Amino acid sequence: MARVLITSALPYINGIKHLGNLVGSMLPADVYARFKRQQGQETLFICATDEHGTPAELAARAAGQDVADYCREQYEIQKKAGDAFGLSFDHFGRSSNPPNHRLTQHFAHVLEEKGLIEERTDRQVYSVDDERFLPDRYVEGTCPHCGYEKARGDQCDSCGRLLDPVDLIDPYSAISGSKNVEMRETKHLYLLQEQMQDRIAQWVASKKDWPQLTKSIAQKWLKEGLRDRSITRDLKWGIPVAYEGELRPGFENKVFYVWFDAPIEYIAATEEWSEKSGEDWQRWWRTDKGADDVKYVEFMGKDNVAFHTVSFPATLLGSEEPWKTVDALKSLNWLTWYGGKFSTSQNRGIFMDQALELLPADYWRWHLMANAPESDDASFTLEHFASVVNKDLADVLGNFVNRITRFCKARFGEEVPSEGSYGEAEAALEKELDAKIKSYTHNLEVMEFRKAFVDLRGIWVAGNEYLQVAAPWTAIKEDREKAAASVRCALNLIVLFAALSRPVIPFTADKMFAIFGLDPEEASRWPASAGEALSRFKGGESFTPPDVLFAKIEEDQVAAWREQFGAE
RNA sequence: GGCGGGGUAGCUCAGUUGGUGAGAGCGCAGGAUUCAUAACCCUGAGGUCGGCGGUUCAAAUCCGCCCCCCGCUACCA
């Protein structure tokens with residue numbers, strides 16, 4: 001079976017991520033990685049922080065910190081939050097680590113050897129007081145079209161027109177407010193993507209099974225024609241323009257553009273992983289070193305698609321070296337907070353660390369994945385969240401586990417009953433489960449997460465329906481053996497549910513295995529058939545009824561959170 | 001402005017190679033049940049499928065025009 005390489009878009013270093021960022025790439029990638037591992041497929045799941053660029057420098061300055069220190073702290077915060085959410089990265093790296101420096105410089109060098117890089121001189125806004133060049137977004141001024149006084153250099157938020165910084169009347173630095181700005185010449189390296197148009201177009205055309213959203217974004221860029229792109233910036237924090245330690249003359253105060261080095265970190269993070277684990281990273285990334293056998297799946301938000309379908313492939317293909325390129329690609333839309341944007345500065349929305357202070361990770365994981373923004377932007381509301389958690393997790397799944405373990409304990413003791421044998425009801429259940437598991441597995445395989453979790457919920461419901469039909473609490477009055485068989489069947493269902501649910505609610509799944517003292521790694525192997533799963537326990541196995549798996553969310557909690565997190 | 005995505009029950013969403021009475025979950029109403037977290041299970045009510053026009057025996061689905069929401073537009077990442 002092919003090996004699977006999974007990457008999640010790299011979260012930017014600047015601050016803890018919100019629920020929208022989480023469900024936009026890291027969480028669906030985790031669910032898929034867990035699913036693949038449970039299927040027994042050799043899986044490598046890689047992520048990292050994306051640490052370079054202007055926002056990191058400015059945030060560090062605002063915090064009164066050295067950039068490197070700031071990034072180190074932020075990295076630890078993000079890593080901790082990811083761990084707490086159960087994100088099962090094989091490695092969570094940093095784009096500022098040495099392997100990415102080496103590799104980025106390697107790519108720039110090879111691309112230049114292939115004649116795909118040249119120096120060009122740009123004119124750009126320079127802020128004398130800030131002592132830095134300003135990206136278009138960091139220049140503000142009066143819009144020449146509508147007179148709005150806080151138009152940005154790239155676009156006017158008032159009239160929506162696209163602008164060039166030189167168009168602005170009375171421009172000033174958005175960083176300091178200083179009007180002491182001027183145009184200055186600056187030299188940069190350009191990646192000659194125009195020359196690669198055909199190669200990229202051909203490569204994109206060969207990707208038959210990309211989702212519609214992905215394909216249309218890639219094709220749009222190609223249709224407009226690829227443009228040569230500057231891959232360096234006038235910044236201090238980043239990967240210096242140097243090859244084998246030699247700074248490039250004229251580029252002493254420049255670094256590579258964050259979007260050039262960030263995707264390279266997918267590879268470099270794998271190298272970091274190999275340093276840690278002693279494994280060979282090249283067999284995952286070099287088709288001449290075994291990576292032909294790899295299926296590479298990328299997860300990202302829709303804003304990232306062009307960079308992953310065009311820019312990063314241009315780097316890889318342009319090198320003419322045998323690098324592995326993406327096979328399947330899952331892009332998600334945005335999760336909004338009550339229809340608007342999540343915002344740190346305006347205290348709108350819930351961030352990863354805050355979420356876990358309110359409730360355990362699985363509550364969030366389930367709701368986010370079952371309502372993932374796949375076809376369109378989706379709105380997160382606390383009311384919807386509470387309703388989904390209470391109904392799906394507490395009433396359907398949690399209650400199922402609770403009712404049957406308590407019933408068994410009361411009537412048969414803390415041991416799986418061995419009497420009786422399965423009959424018609426169990427045969428019907430098995431048949432129904434086989435069909436549902438097949439559909440669920442397929443939907444996970446093709447990464448249709450909303451559909452997959454409709455299936456999973458349906459599987460849980462089938463458990464409750466079965467109990468309703470089997471009604472051991474009635475049967476036991478006249479036919480103890482029949483009651484025993486159905487209790488045994490229901491207890492087996494708990495283990496089956498745990499295995500199937502583990503990709504999305506891993507913490508709870510492991511609690512469910514723990515009821516029976518099962519080893520999660522063994523017990524969570526993807527079930528071959530419902531029949532096999534239902535015959536795991538023959539009787540005599542001891543168990544411990546668990547505490548309630550999911551507490552319900554109360555209305556007054558929702559009200560308090562609305563207040564706290566700026567719901568509208 | 002250009003491009004892309006979306007507009008289907010009160011809410012969140014499925015549903016297009018055009019075709020049996022337009023679906024699910026939540027919410028709501030009724031019923032059944034008592035093992036269970038006032039939970040589970042069954043039944044039901046509820047929709048001019050954004051608007052107008054067209055093609056067709058037949059349109060949520062195809063075509064045209066229009067309205068609304070979101071995103072991207074290559075120096076934010």
Side-chain angles (χ1 to χ4, degrees), chain A residues 9-14 50 52-56 58 122 124-125 133-139 152-155 159-162 164-165 174 188 193 212-213 215-217 219-221 223-224 226-230 232-234 257-259 262 301-307 310-311 333-334 336 339-341 370-371 373-381 383-384 387-388 390-396 398-411 448 450-451 453-454 457-458 461 463-474 476 483 486-487 490 547-552:
Chain A
L10 309 186
Y12 195 67
I13 190 66
N14 196 349
D50 173 15
H52 299 134
T54 309
L58 295 180
D122 293 330
Q124 201 180 343
V125 178
F133 282 93
L134 298 176
D136 291 354
R137 288 217 172 176
Y138 289 90
V139 188
R152 293 190 318 236
D154 57 343
Q155 183 168 31
C159 68
R161 284 186 218 244
L162 296 181
D164 200 284
H188 284 297
Q193 294 191 140
Q212 192 189 353
L213 179 64
K215 215 180 308 178
S216 61
I217 293 174
Q219 279 166 350
K220 183 213 145 201
W221 277 47
K223 207 168 108 190
E224 288 178 3
L226 294 189
R227 294 176 226 165
D228 296 341
R229 221 164 138 259
S230 157
T232 51
R233 292 291 182 274
D234 291 284
Y257 176 39
V258 57
W259 258 116
K302 59 181 167 181
D303 58 328
N304 268 312
V305 172
F307 294 99
V310 175
S311 309
N333 290 275
W334 301 127
T336 63
K341 286 186 175 159
N371 299 283
E374 291 185 293
S375 61
D376 193 7
D377 292 355
S379 175
F380 181 95
T381 68
E383 293 77 6
H384 190 216
S387 151
V388 166
N390 290 348
K391 208 63 205 171
D392 297 350
L393 296 182
D395 292 350
V396 177
N399 182 46
F400 174 80
V401 173
N402 193 44
R403 70 195 291 203
I404 192 60
T405 49
R406 288 191 56 173
F407 179 77
C408 183
K409 182 182 174 182
R411 298 309 190 101
E448 292 274 358
R450 273 184 187 250
K451 288 179 186 167
F453 295 121
V454 166
R457 193 198 131 93
V461 167
N464 282 312
E465 285 171 349
Y466 165 74
L467 276 187
Q468 211 64 28
V469 172
W473 47 89
T474 305
I476 197 165
S486 48
V487 167
D547 295 334
V548 163
L549 289 178
F550 299 98
K552 291 206 194 193

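Since the model is a prediction, treat every value here as computed from it, not as a measurement. Letters go in sequence order (proteins before strands), and every chain restarts at 1.
A9(B): no Watson-Crick or G-U partner with both key distances under 3.5 Å is found in any strand. Base pairing of C3(B) is made with G71(B), judged by Watson-Crick or G-U wobble geometry with both donor-acceptor distances under 3.5 Å.
The side chain of R403(A) contributes no N or O atom lying less than 4.0 Å from OP1 or OP2 of C35(B). Under 4.0 angstrom from either OP1 or OP2 of A39(B) there lies no side-chain N or O belonging to K391(A).
Base engagement by Q124(A) is indicated by at least one non-hydrogen atom pair under 4.0 Å involving a base atom. The residue F550(A) sits close to a base: some heavy atom pair falls under 4.0 Å. Counting non-hydrogen atoms under 4.0 angstrom, A306(A) reaches nothing in the nucleic acid. D303(A) comes within 4.0 angstrom of a nucleotide base, judged by non-hydrogen atoms across all strands. Across all strands, W334(A) comes closer than 4.0 Å only to sugar-phosphate atoms, never to a base (heavy-atom distances). Contacts of F307(A) with the nucleic acid, taken as non-hydrogen atoms under 4.0 Å apart, include base atoms. Using a 4.0 Å heavy-atom cutoff across all strands shown, V396(A) reaches no nucleic acid atom at all. Residue-level contact check: V454(A) touches neither bases nor backbone, having no heavy atom under 4.0 Å from any strand. Within the 4.0 angstrom heavy-atom criterion, only backbone atoms of the sugar-phosphate kind lie near R450(A); the bases stay farther away.
Only the P atoms considered, A60(B) is 10 Å distant from G50(B), to the nearest whole Å. The C1' atoms of G21(B) and G1(B) are separated by 46 Å, rounded to the nearest whole Å. Nucleotides C69(B) and C26(B) have their C1' atoms positioned 23 Å apart, rounded to a whole Å.
For A36(B), its base sits under 3.5 Å from the side chain of N399(A) at one donor and acceptor pair at least. A donor N or O paired with an acceptor N or O is not found under 3.5 Å between the base of A36(B) and the side-chain atoms of R406(A). For D377(A) against C69(B), no side-chain N or O and base N or O form a donor-acceptor pair under 3.5 Å.
Taking a centre distance below 5.5 Å and an interplanar angle below 30 degrees as the stacking criterion, W473(A) stacks against the six-membered base ring of C35(B).
For the residue pair K552(A) and N390(A), no side-chain donor N or O sits within less than 3.5 Å of a side-chain acceptor on the partner.
Relative orientation of the W259(A) and F307(A) rings is parallel, given thresholds of 30° and 60° on the angle between their planes.
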